[in-house]
Amino acid sequence: MPDLDHERQFNAPVIGIDEAGRGPWAGPVTVTAIWLCPFAYDTLPAGIDDSKKIKPPRRAALAAALMAPPHLSHTVSIDVAQIDQMGILKATFAGMVMAASKLADKMVKAGWRAPVHALVDGNLLPPDMPLPATALIKGDSRSLSIAAASLIAKTSRDQIMQDLALAYPDYGWASNMGYGTKVHKAGLNQFGLTPHHRQSFKPIRRYLDAGD
(Lines give C-alpha, C1' and ligand atoms only; values in the text may rest on other atoms or scores of the structure.)
Protein backbone atom coordinates (compact mmCIF):
# COMPACT_ATOMS: atom_id res chain seq x y z
CA MET A 1 0.00 0.00 0.00
CA PRO A 2 1.23 3.54 -0.67
CA ASP A 3 2.39 5.65 2.26
CA LEU A 4 3.81 9.09 3.03
CA ASP A 5 7.44 8.09 3.47
CA HIS A 6 8.61 9.91 0.34
CA GLU A 7 6.62 13.04 1.18
CA ARG A 8 8.02 13.17 4.70
CA GLN A 9 11.60 13.31 3.40
CA PHE A 10 11.03 17.00 2.71
CA ASN A 11 10.32 19.64 5.33
CA ALA A 12 8.28 21.57 2.77
CA PRO A 13 5.37 21.00 0.39
CA VAL A 14 5.63 18.00 -1.95
CA ILE A 15 3.21 17.26 -4.78
CA GLY A 16 2.31 13.99 -6.49
CA ILE A 17 1.68 13.65 -10.24
CA ASP A 18 0.10 10.85 -12.25
CA GLU A 19 -1.71 10.38 -15.54
CA ALA A 20 -4.56 8.35 -16.95
CA GLY A 21 -5.09 7.38 -20.56
CA ARG A 22 -1.71 6.98 -22.23
CA GLY A 23 -2.68 3.70 -23.87
CA PRO A 24 -6.22 4.12 -25.27
CA TRP A 25 -6.94 4.55 -28.95
CA ALA A 26 -9.31 7.45 -28.35
CA GLY A 27 -9.78 10.40 -26.04
CA PRO A 28 -7.38 12.65 -24.15
CA VAL A 29 -4.58 11.86 -21.78
CA THR A 30 -5.36 13.33 -18.36
CA VAL A 31 -2.82 14.41 -15.74
CA THR A 32 -3.38 15.40 -12.12
CA ALA A 33 -1.01 17.09 -9.71
CA ILE A 34 -2.03 17.12 -6.05
CA TRP A 35 -0.75 18.48 -2.76
CA LEU A 36 -1.96 16.62 0.31
CA CYS A 37 -2.03 19.04 3.22
CA PRO A 38 0.18 17.66 6.03
CA PHE A 39 -2.18 19.11 8.64
CA ALA A 40 -4.85 16.75 7.28
CA TYR A 41 -2.77 13.60 6.86
CA ASP A 42 -4.54 12.02 9.83
CA THR A 43 -7.95 12.51 8.25
CA LEU A 44 -7.15 11.20 4.77
CA PRO A 45 -9.78 8.65 3.66
CA ALA A 46 -8.85 5.01 4.00
CA GLY A 47 -8.13 2.94 0.92
CA ILE A 48 -6.13 5.39 -1.21
CA ASP A 49 -4.27 3.23 -3.71
CA ASP A 50 -3.42 2.75 -7.37
CA SER A 51 -6.61 3.70 -9.23
CA LYS A 52 -6.55 0.46 -11.23
CA LYS A 53 -7.05 -1.52 -8.02
CA ILE A 54 -10.22 0.32 -6.97
CA LYS A 55 -13.72 -0.07 -8.39
CA PRO A 56 -15.24 3.02 -10.05
CA PRO A 57 -17.80 4.01 -7.37
CA ARG A 58 -15.22 3.90 -4.59
CA ARG A 59 -12.64 5.56 -6.84
CA ALA A 60 -15.02 8.45 -7.53
CA ALA A 61 -15.79 8.88 -3.82
CA LEU A 62 -12.09 8.94 -2.95
CA ALA A 63 -11.36 11.41 -5.74
CA ALA A 64 -14.09 13.76 -4.50
CA ALA A 65 -12.69 13.66 -0.96
CA LEU A 66 -9.15 14.31 -2.18
CA MET A 67 -10.22 17.30 -4.27
CA ALA A 68 -11.79 18.95 -1.22
CA PRO A 69 -9.92 21.47 0.97
CA PRO A 70 -7.46 21.66 2.58
CA HIS A 71 -5.89 19.55 -0.17
CA LEU A 72 -5.25 21.26 -3.50
CA SER A 73 -5.06 19.74 -6.98
CA HIS A 74 -5.08 20.62 -10.65
CA THR A 75 -6.09 18.38 -13.53
CA VAL A 76 -5.22 18.86 -17.19
CA SER A 77 -6.46 16.94 -20.23
CA ILE A 78 -4.38 16.98 -23.41
CA ASP A 79 -6.64 16.47 -26.42
CA VAL A 80 -6.24 14.17 -29.39
CA ALA A 81 -4.99 16.91 -31.71
CA GLN A 82 -2.09 17.64 -29.37
CA ILE A 83 -1.39 13.93 -28.87
CA ASP A 84 -1.20 13.40 -32.62
CA GLN A 85 0.99 16.46 -33.10
CA MET A 86 3.40 15.86 -30.21
CA GLY A 87 3.28 12.12 -29.63
CA ILE A 88 1.81 10.57 -26.50
CA LEU A 89 4.94 10.84 -24.34
CA LYS A 90 5.54 14.53 -25.04
CA ALA A 91 1.83 15.23 -24.65
CA THR A 92 1.85 13.51 -21.26
CA PHE A 93 4.95 15.47 -20.24
CA ALA A 94 3.24 18.71 -21.31
CA GLY A 95 0.28 17.83 -19.12
CA MET A 96 2.56 17.12 -16.17
CA VAL A 97 4.36 20.45 -16.53
CA MET A 98 1.09 22.35 -16.85
CA ALA A 99 -0.56 20.58 -13.92
CA ALA A 100 2.47 21.14 -11.67
CA SER A 101 2.70 24.83 -12.62
CA LYS A 102 -1.00 25.50 -12.14
CA LEU A 103 -1.02 23.68 -8.79
CA ALA A 104 1.97 25.71 -7.57
CA ASP A 105 0.07 28.89 -8.48
CA LYS A 106 -3.00 27.68 -6.59
CA MET A 107 -0.94 26.88 -3.50
CA VAL A 108 0.69 30.31 -3.41
CA LYS A 109 -2.63 32.09 -3.98
CA ALA A 110 -4.13 30.06 -1.11
CA GLY A 111 -1.36 31.26 1.21
CA TRP A 112 0.77 28.11 1.23
CA ARG A 113 4.41 27.74 0.25
CA ALA A 114 5.12 26.73 -3.31
CA PRO A 115 6.03 23.05 -3.68
CA VAL A 116 9.72 22.24 -3.46
CA HIS A 117 9.54 18.76 -5.00
CA ALA A 118 7.33 16.59 -7.18
CA LEU A 119 6.88 12.82 -7.04
CA VAL A 120 6.02 11.51 -10.50
CA ASP A 121 4.72 8.07 -11.38
CA GLY A 122 6.92 6.18 -13.82
CA ASN A 123 10.58 6.03 -14.79
CA LEU A 124 10.82 9.26 -16.80
CA LEU A 125 10.53 12.96 -15.99
CA PRO A 126 9.57 15.86 -18.26
CA PRO A 127 12.77 17.70 -19.22
CA ASP A 128 11.16 21.05 -18.46
CA MET A 129 9.54 20.20 -15.13
CA PRO A 130 9.28 23.53 -13.24
CA LEU A 131 10.60 22.12 -9.94
CA PRO A 132 12.89 19.31 -8.78
CA ALA A 133 11.25 15.92 -9.15
CA THR A 134 11.69 12.22 -8.54
CA ALA A 135 10.37 9.50 -10.83
CA LEU A 136 8.98 6.55 -8.89
CA ILE A 137 8.34 3.29 -10.75
CA LYS A 138 4.93 1.99 -9.61
CA GLY A 139 4.65 5.22 -7.68
CA ASP A 140 0.89 4.89 -7.30
CA SER A 141 1.58 1.85 -5.11
CA ARG A 142 4.34 3.59 -3.14
CA SER A 143 3.36 7.24 -2.59
CA LEU A 144 0.01 8.42 -1.25
CA SER A 145 0.34 11.67 -3.20
CA ILE A 146 0.85 9.84 -6.48
CA ALA A 147 -1.96 7.39 -5.67
CA ALA A 148 -4.25 10.35 -4.92
CA ALA A 149 -3.30 11.93 -8.25
CA SER A 150 -4.02 8.65 -10.04
CA LEU A 151 -7.49 8.45 -8.53
CA ILE A 152 -8.42 11.97 -9.62
CA ALA A 153 -6.88 11.64 -13.09
CA LYS A 154 -8.63 8.32 -13.75
CA THR A 155 -11.99 9.54 -12.44
CA SER A 156 -11.75 12.74 -14.48
CA ARG A 157 -10.80 10.97 -17.69
CA ASP A 158 -13.46 8.29 -17.26
CA GLN A 159 -16.08 11.04 -17.03
CA ILE A 160 -14.78 12.61 -20.24
CA MET A 161 -15.04 9.27 -22.06
CA GLN A 162 -18.53 8.62 -20.69
CA ASP A 163 -19.60 12.04 -21.94
CA LEU A 164 -18.07 11.36 -25.37
CA ALA A 165 -19.89 8.01 -25.46
CA LEU A 166 -23.21 9.86 -25.46
CA ALA A 167 -22.30 11.43 -28.80
CA TYR A 168 -20.48 8.36 -30.13
CA PRO A 169 -22.33 5.34 -28.66
CA ASP A 170 -21.01 2.69 -31.06
CA TYR A 171 -17.50 2.21 -29.65
CA GLY A 172 -18.16 1.17 -26.06
CA TRP A 173 -16.31 4.13 -24.59
CA ALA A 174 -18.55 4.28 -21.53
CA SER A 175 -16.99 1.01 -20.38
CA ASN A 176 -13.71 0.56 -22.31
CA MET A 177 -12.64 4.22 -21.93
CA GLY A 178 -11.20 4.24 -25.42
CA TYR A 179 -9.02 1.14 -25.12
CA GLY A 180 -8.86 -1.30 -28.04
CA THR A 181 -11.50 -3.81 -26.95
CA LYS A 182 -13.57 -6.06 -29.21
CA VAL A 183 -16.50 -3.65 -28.98
CA HIS A 184 -14.27 -0.73 -29.92
CA LYS A 185 -12.81 -2.64 -32.88
CA ALA A 186 -16.29 -3.64 -34.04
CA GLY A 187 -17.36 0.02 -33.93
CA LEU A 188 -14.35 1.03 -35.99
CA ASN A 189 -15.02 -1.67 -38.55
CA GLN A 190 -18.66 -0.65 -38.94
CA PHE A 191 -18.61 3.12 -38.43
CA GLY A 192 -15.04 4.21 -39.03
CA LEU A 193 -13.04 6.83 -37.15
CA THR A 194 -14.28 9.74 -35.06
CA PRO A 195 -12.52 13.07 -34.38
CA HIS A 196 -11.54 11.64 -31.00
CA HIS A 197 -9.44 8.76 -32.31
CA ARG A 198 -5.65 9.08 -32.04
CA GLN A 199 -4.52 8.91 -35.65
CA SER A 200 -0.87 8.74 -34.61
CA PHE A 201 -1.45 5.37 -32.89
CA LYS A 202 -0.53 2.33 -35.00
CA PRO A 203 -3.86 0.49 -34.63
CA ILE A 204 -5.73 3.60 -35.79
CA ARG A 205 -3.23 4.19 -38.59
CA ARG A 206 -4.11 0.74 -39.90
CA TYR A 207 -7.77 1.75 -40.19
CA LEU A 208 -6.73 4.93 -42.02
CA ASP A 209 -4.42 3.04 -44.36
CA ALA A 210 -7.14 0.46 -45.10
CA GLY A 211 -9.41 3.27 -46.27
CA ASP A 212 -6.87 4.73 -48.71
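Just so you know, residue 1 is the first one in the sequence shown, and it goes up from there.
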Worksheet item: Do I204 and I88 sit in the same hydrophobic cluster, where Ile, Leu, Val, Met, Phe, Trp and Tyr count as joined when their side-chain heavy atoms come under 4.5 Å apart?
Response: yes
Worksheet item: What is the distance from atom NE2 of H6 to atom OG of S143, rounded to the nearest 0.5 Å?
Response: 7.0 Å
Item to complete: Verify the cluster assignment for M98 and I83: are they in a single hydrophobic cluster under the rule of side-chain heavy atoms below 4.5 Å apart?
Response: yes
Worksheet item: Have D158 and Q162 got a donor and an acceptor in their side chains that come within less than 3.5 Å?
Response: no
Discussion item. Measuring from atom CH2 of W25 to atom CG of L193, what distance do you get when rounded to the nearest 0.5 angstrom?
Written reply: 10.5 Å
Worksheet entry | Pairwise distance NZ(K154) to CE(M177) - rounded to 0.5 angstrom | 5.5 Å
Discussion item. Nearest 0.5 Å, please: how far is NE2 in H117 from OG1 in T134?
Written reply: 2.5 Å
Discussion item. If you compare all heavy atoms of D121 against all heavy atoms of K138, which two are closest, and at what distance to 0.1 Å?
Written reply: OD1-C, 3.6 Å
Worksheet, complete the sentence: For K90, the salt bridge (charged side-chain N to carboxylate O under 4.0 Å, His left out) test, sequence neighbours excluded, returns none
Worksheet item: Can you name the nearest heavy-atom pair linking P130 to A100, along with the distance?
Response: CG-CB, 4.2 Å
Fill in: Sub-4.5 Å side-chain heavy-atom contact between F10 and P115
no
Worksheet item: Would T92 and E19 count as having a side-chain donor-acceptor pair, cut-off 3.5 Å?
Response: no
Item to complete: Please name the pair of heavy atoms, one in S51 and one in S150, separated by the smallest distance, quoted to 0.1 Å.
Response: N-OG, 3.3 Å
Response to the item:
Closest non-hydrogen atoms of V97 and P126, given as atom of the first, atom of the second and distance, are CG2-CB, 3.8 Å
Worksheet item: Do H197 and Y171 have ring centres separated by under 6.0 Å?
Response: yes
Worksheet item: Less than 4.5 Å apart, any side-chain heavy atom of Q190 and any of D170?
Response: no
Discussion item. Quick check: closest heavy atoms across S77 and T30, and the distance to 0.1 Å?
Written reply: OG-OG1, 2.8 Å
Worksheet entry | Cluster link V80 to M86, ILVMFWY, side chain under 4.5 Å | no
Discussion item. Any non-hydrogen side-chain atom of P24 less than 4.5 Å from a side-chain atom of M161?
Written reply: no
Worksheet item: Which residues pass the side chain to side chain donor-acceptor pair (under 3.5 Å) test with K106, sequence neighbours left out?
Response: H74
Worksheet item: Has the side chain of D50 got a donor or acceptor atom that lies under 3.5 Å from a matching backbone atom of S141?
Response: no
Practice prompt. Using a cut-off of 6.0 Å, state whether more than 12 heavy atoms not belonging to N11 lie near its atom CG.
Written response: no
Discussion item. Test question: given the 4.5 Å side-chain rule for I, L, V, M, F, W and Y, name all other residues clustered with I15, or answer none.
Written reply: I17, V31, W35, F39, L72, L89, F93, M96, L103, M107, W112, V120, L124, L125, M129, L131
Practice prompt. Kindly write out the residues that satisfy side chain to side chain contact (heavy atoms under 4.5 Å, CB included) with D105, not counting sequence neighbours, or none if the list is empty.
Written response: none
Worksheet entry | Nearest non-hydrogen partners of C37 and H71, listed with the distance | N-ND1, 3.0 Å
Worksheet item: Nearest 0.5 Å, what's the CZ-CG distance between F201 and D84?
Response: 8.0 Å
Response to the item:
d(K52 NZ, R59 CZ) to nearest 0.5 Å is 10.0 Å
Item to complete: Describe, in one word, how the ring planes of W173 and H184 are oriented to each other, choosing from parallel (under 30°), tilted (30 to 60°) and perpendicular (over 60°).
Response: perpendicular
Fill in: Remaining members of hydrophobic cluster (4.5 Å side-chain criterion), I152
L4, I34, L36, Y41, L44, I48, I54, L62, L66, M67, L144, L151
Worksheet item: Backbone N or O of P28 within a donor-acceptor pair of the R198 side chain at under 3.5 Å?
Response: yes
Practice prompt. Could you give me the CA-CA distance, side-chain angles and deciding distance for D140 and K53, then say whether salt bridge (Lys or Arg N to Asp or Glu O under 4.0 Å) is met?
Written response: CA-CA 10 Å; D140 44 11; K53 299 178 181 178; over 6 Å; no
Discussion item. Could you work out, with salt bridge (charged side-chain N to carboxylate O under 4.0 Å, His left out) as the rule, every residue matching R142, not counting sequence neighbours?
Written reply: none
